[in-house]
Amino acid sequence: MSRQLSEQEQIRRDNLQAIIDLGLSPYPSPSFPINANAKDIKANFTPEKPEGYQEVILAGRLMSRRIMGKASFAELMDSTGRIQIYVSRDDICPDEDKTLYNTVFKKLLDLGDFIGIKGFAFFTKMGELTIHVKELTLLSKSLRPLPVVKTDAEGQVHDAVSDPELRYRQRYVDLVINPDVRNVFRQRTQIYTTMRNFLNERGYLEVETPILQPLYGGAAARPFKTHHNTLDMTLYLRIANELYLKRLIVGGYEGVYEFSKDFRNEGMSRFHNPEFTQIELYVAYKDYEWMMSMTEELMEKIAMDLYGTTEVQVGENLINFKRPWKRYTMYEAIEHFTGTDISNMTEEQMFAFAKSIHVEVDKSMGRGKIIDEIFGEKCESHLIQPTFITDYPVEMSPLAKKHRSKEGLVERFEAICNGKEICNGFSELNDPIDQRARFEEQLELGKRGDDEAMVLDEDFLRALEYGMPPTVGIGIGMDRLSMIMTNQPSIQDVLFFPQMKPEAT
RNA sequence: GCUCUCUUAGGUUCAAUUGGUUAGACUACCCGGCUUUUACCCGGGGGGUAUUGGUUCGAGUCCAAUAGGGAGCACCA
């Protein structure tokens with residue numbers, strides 16, 4: 001239970017006790033009536049028109065302090081940013097008792113403490129906008145030292161915390177000291193807001209479906225397994241919500257969507273976290289051509305809402321989400337990047353071709369899998385600007401409707417951007433007899449040892465048998481999309497609390 | 001799961017020559033000085049090699065194992 005306190009932590013605890021001994025509360029209860037924030041004051045205060053800034057009340061963390069005898073400068077950070085404050089002894093201690101300044105402010109406050117101030121805005125001789133403090137209140141004591149990050153006059157950041165382990169394990173610290181990180185997560189929320197508004201305006205219904213499922217389905221992945229005590233049954237954490245949303249289309253809604261936290265018991269990497277979020281959207285009486293157009297419009301809107309332009313800098317690449325995007329069928333993409341048209345090849349010819357261009361294939365792979373391998377190896381990473389790839393092999397897509405005219409293919413698309421898939425959609429298979437046959441093929445794969453093969457969902461088939469209108473669906477990986485839209489290299493940078501191994505104790 | 005790589009003041013960012021005195025610097029922290037400073041400044045002070053073992057006269061440095069992080073491969077979104 002007891003932990004060896006560092007020197008700095010011990011000093012802060014001593015300061016805490018000293019504050020209590022002075023009769024002050026280090027953690028007071030009453031509301032503190034803020035009427036201003038740092039950003040607004042910086043944006044709008046001018047000495048010529050000081051109205052409205054003569055009695056501002058701010059609260060936030062004390063982030064730096066420069067004490068010069070009876071006067072001091074310090075920085076206060078609220079949720080909008082930092083602002084300098086000027087604290088002079090005789091202003092905050094007009095009477096004989098100078099304890100608040102000499103003892104509390106100078107000695108007992110520490111960097112990171114929350115304080116509240118009341119005062120007026122002015123510019124110092126050095127031209128720095130500052131709040132002249134008339135009243136000072138301690139709002140909450142900080143018992144651990146924060147890293148001190150400083151920015152100099154040229155805007156250079158010094159001593160920025162760069163250790164990813166500390167940033168991810170103690171995200172609260174990362175957020176306190178790195179304003180850019182706070183902004184990334186604001187942007188992530190902005191993306192959600194844009195999508196909700198966009199979809200709600202079109203009349204689609206945001207819904208919630210089970211996370212704990214008796215059967216997992218809707219994707220090819222290994223699930224997390226858990227157990228319900230009262231029912232004494234195995235439950236799975238969902239790997240997708242697709243089959244539930246389609247049941248709702250059967251039920252009569254014509255457009256439903258859900259931001260779905262999904263769980264897949266697989267490897268972790270820069271692009272994979274065991275729990276992740278995707279939005280799935282299903283719209284009745286539409287097809288995949290329609291959904292591609294809607295996706296372009298939505299993505300363009302997301303970029304515009306974030307940056308006011310359709311162009312987004314992602315690493316080395318400037319990506320333009322402006323409509324319309326390039327569209328290739330999968331065969332066209334392969335021909336484009338390898339120079340060979342494989343659309344009429346037999347499985348044997350394809351196998352030989354894959355070998356010839358050094359794509360790893362083995363005899364267990366069927367035609368569809370070979371095509372997928374060639375595409376993944378030779379095409380995907382070259383697609384930087386947003387591009388739709390359409391018409392996938394039927395073997396890879398057990399929930400997608402067969403192509404209206406092309407044998408062996410389904411009406412499916414993926415959007416590729418910055419060399420990575422950002423969404424996946426298709427005209428939904430609504431023929432219950434075909435769907436049953438596809439599930440049975442999956443069961444065969446499962447028997448052959450494919451631990452990601454889908455399981456047969458009788459209840460879902462029953463729903464389809466009642467009839468589902470022609471429907472198109474899409475899933476968009478929200479974490480991946482956030483990475484691109486906020487220019488972050490790792491999924492851990494767009495998740496507040498990425499999964500980590502436990503800390504050593 | 002496999003390969004490579006990293007871990008230095010118990011807040012951070014970085015040094016330390018082929019293995020060679022008592023492991024340094026800035027900031028933070030503590031003490032002192034200063035009423036418009038600004039990465040404030042000036043003077044003084046305490047605190048460290050992830051863990052465990054090995055090689056060596058001598059290890060932050062070389063080797064091994066463990067823990068954690070990062071990158072890549074495989075699987076996937």
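Throughout, protein chains are lettered first and strands after them, A, B, ... in sequence-line order, and every chain is numbered starting at 1.
A gap of 32 Å separates the P atoms of B/G54 and B/U13, to the nearest Å. Taking the P atoms as reference points, B/U8 lies 11 Å from B/A15, given to the whole Å. As rounded to the nearest Å, B/U56 and B/A50 have C1' atoms that lie 23 Å from one another. Using atom P as the reference point in both B/U55 and B/A64, the two lie 15 Å apart (nearest Å). Rounded to the nearest Å, the gap between the C1' atom of B/A74 and that of B/C14 is 37 Å. Separating the P atom of B/C41 from that of B/A28 is a span of 8 Å, rounded to the nearest Å. Comparing B/G60 with B/A23, their C1' atoms sit 8 Å apart, to the nearest whole Å. Using C1' as the reference atom, B/A9 and B/G24 are 11 Å apart when rounded to the nearest Å.
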Inset, instruction - Determine, stepwise, if the pair A/K261 / A/E275 fulfils side chain to side chain contact (heavy atoms under 4.5 Å, CB included). - result: CA-CA 7 Å; A/K261 188 76 78 129; A/E275 60 181 283; 3.4 Å; yes

Legend entry - Verdict with supporting geometry, A/L481 and A/M299, side chain to side chain contact (heavy atoms under 4.5 Å, CB included): CA-CA 9 Å; A/L481 180 65; A/M299 294 294 172; 3.6 Å; yes

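Residue contacts shown for A/N273 include a base, since a base heavy atom lies under 4.0 Å away. In this structure, A/E75 reaches neither bases nor backbone, as no heavy-atom distance under 4.0 Å exists between it and the strands shown. Note on A/Q278: nothing from the nucleic acid sits closer than 4.0 angstrom, heavy atoms only. Within 4.0 Å of A/K501, counting heavy atoms only, lie sugar-phosphate atoms of the nucleic acid but no base atom.
Across all strands shown, nothing is found opposite B/G19 as a Watson-Crick or G-U wobble partner with both distances under 3.5 Å. B/C2 and B/G72 make up a base pair, with Watson-Crick or G-U wobble contacts both under 3.5 Å. Pair assignment for B/A28: none, as no Watson-Crick or G-U wobble contacts are both less than 3.5 Å. Figure legend. B/U36 is base-paired to no nucleotide; pairs are counted as Watson-Crick or G-U wobble with both atom distances under 3.5 Å. With a 3.5 Å ceiling on both atom-pair distances, the Watson-Crick or G-U wobble partner of B/A67 is B/U7.
Where A/L146 and A/D110 each meet RNA chain B at their nearest nucleotide, the meeting point lying more 5' is that of A/L146. Heavy-atom nearest nucleotides on RNA chain B were determined for A/F73 and for A/P145, and the one closer to the 5' end corresponds to A/P145.
For A/Q17, the side-chain contact (heavy atoms from CB on, under 4.5 Å) partners two or more places apart in sequence, or in a different chain, are A/I20, A/D21. Residues meeting the ring-ring contact (aromatic ring centres under 6.0 Å, His included) test with A/Y216, sequence neighbours left out: A/Y236. For A/P393, the side-chain contact (heavy atoms from CB on, under 4.5 Å) partners are A/M330, A/I371, A/E395, A/M396, not counting sequence neighbours. A search for ring-ring contact (aromatic ring centres under 6.0 Å, His included) contacts involving A/F123 returns A/F45, not counting sequence neighbours. Not counting sequence neighbours, the partners of A/V181 by the side-chain contact (heavy atoms from CB on, under 4.5 Å) test are A/R167, A/R171, A/D174, A/L175, A/N178, A/F185. A search for side-chain contact (heavy atoms from CB on, under 4.5 Å) contacts involving A/E300 returns A/T310, A/K322, A/R323, not counting sequence neighbours. The ring-ring contact (aromatic ring centres under 6.0 Å, His included) test applied to A/Y172 returns no partner, not counting sequence neighbours.
Counting to the nearest Å, the P atom of B/A77 and the CD atom of A/E280 are 11 Å from each other. In this entry the distance linking CD1 of A/I83 with P of B/U37 reads 18 Å, nearest Å. Rounded to an integer number of Å, the gap from A/L108 CG to B/C30 P is 10 Å. Here B/A77 presents its P atom at 13 Å from CG of A/D479, a figure rounded to the nearest Å. Rounded to whole Å, atom C1' of B/G10 lies 16 Å from atom CG of A/L143. Atom CD of A/Q170 and atom C1' of B/G68 are 14 Å apart (whole Å).
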Set out, line by line, the N/O atom pairs under 3.5 Å between protein and nucleotides 42-52 of chain B.
unit_1 : atom_1 : unit_2 : atom_2 : d
B/G46  : N2     : A/E7   : OE1    : 2.5

Which protein N or O atoms sit under 3.5 Å from an N or O of nucleotides 13-16 of chain B?
unit_1 : atom_1 : unit_2 : atom_2 : d
B/U13  : OP1    : A/S162 : N      : 3.4
B/U13  : OP1    : A/D163 : N      : 3.4

Taking N or O atoms only and anything under 3.5 Å, show me the protein contacts with nucleotides 70-73 of chain B, one pair per line.
unit_1 : atom_1 : unit_2 : atom_2 : d
B/G70  : OP1    : A/Q492 : OE1    : 2.8
B/G70  : OP1    : A/Q492 : NE2    : 3.0
B/G72  : OP1    : A/R270 : NH1    : 2.6

Pick out the pairs of N or O atoms, protein on one side and nucleotides 32-35 of chain B on the other, that lie under 3.5 Å.
unit_1 : atom_1 : unit_2 : atom_2 : d
B/C34  : N4     : A/I67  : O      : 3.0
B/U35  : OP2    : A/K70  : N      : 3.3
B/U35  : O2     : A/Y86  : OH     : 3.2
B/U35  : O4     : A/D90  : OD2    : 3.0

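Among the nucleotides B/C75, B/U37, B/A74, the one closest to any side-chain atom of A/E373 is B/C75. Taking every side-chain heavy atom of A/R169 into account, B/G68 is the closest of B/G68, B/G11, B/A77. When the nucleotides B/U37, B/U12, B/C75 are ranked by their closest atom to the side chain of A/P147, B/U12 comes out on top.
Checked by atom type, the side-chain pair A/Q190/A/T194 shows a donor-acceptor distance below 3.5 Å. For the residue pair A/R238 and A/S260, a side-chain donor N or O sits within less than 3.5 Å of a side-chain acceptor on the partner. When only modelled atom types and interatomic distance are considered, A/Q499 and A/N273 share no side-chain donor-acceptor pair under 3.5 Å. A/D40 and A/Y53 share a side-chain donor-acceptor pair at under 3.5 Å.
For A/Y288 and A/F426, the gap between ring centers reaches or exceeds 6.0 Å. A/F259 and A/Y192 have their aromatic ring centers within a separation under 6.0 angstrom.
Pairs engaging residues 104-133 of chain A under the side-chain hydrogen bond (donor to acceptor under 3.5 Å, both in side chains) rule: A/N15-A/D110, A/Q84-A/T130, A/D91-A/H132, A/D110-A/K141, A/D113-A/K141 [sequence neighbours left out].
Partner A/D90 forms a salt bridge (Lys or Arg N to Asp or Glu O under 4.0 Å) with one of A/K134, A/K98, A/K70 and no other, that one being A/K98.
At B/U37, none of the side-chain N or O atoms of A/R66 fall inside 4.0 Å of OP1 or OP2 (strictly under the cut-off). Contact between the side-chain N/O atoms of A/S6 and the OP1/OP2 oxygens of B/G11 is found at a separation under 4.0 Å.
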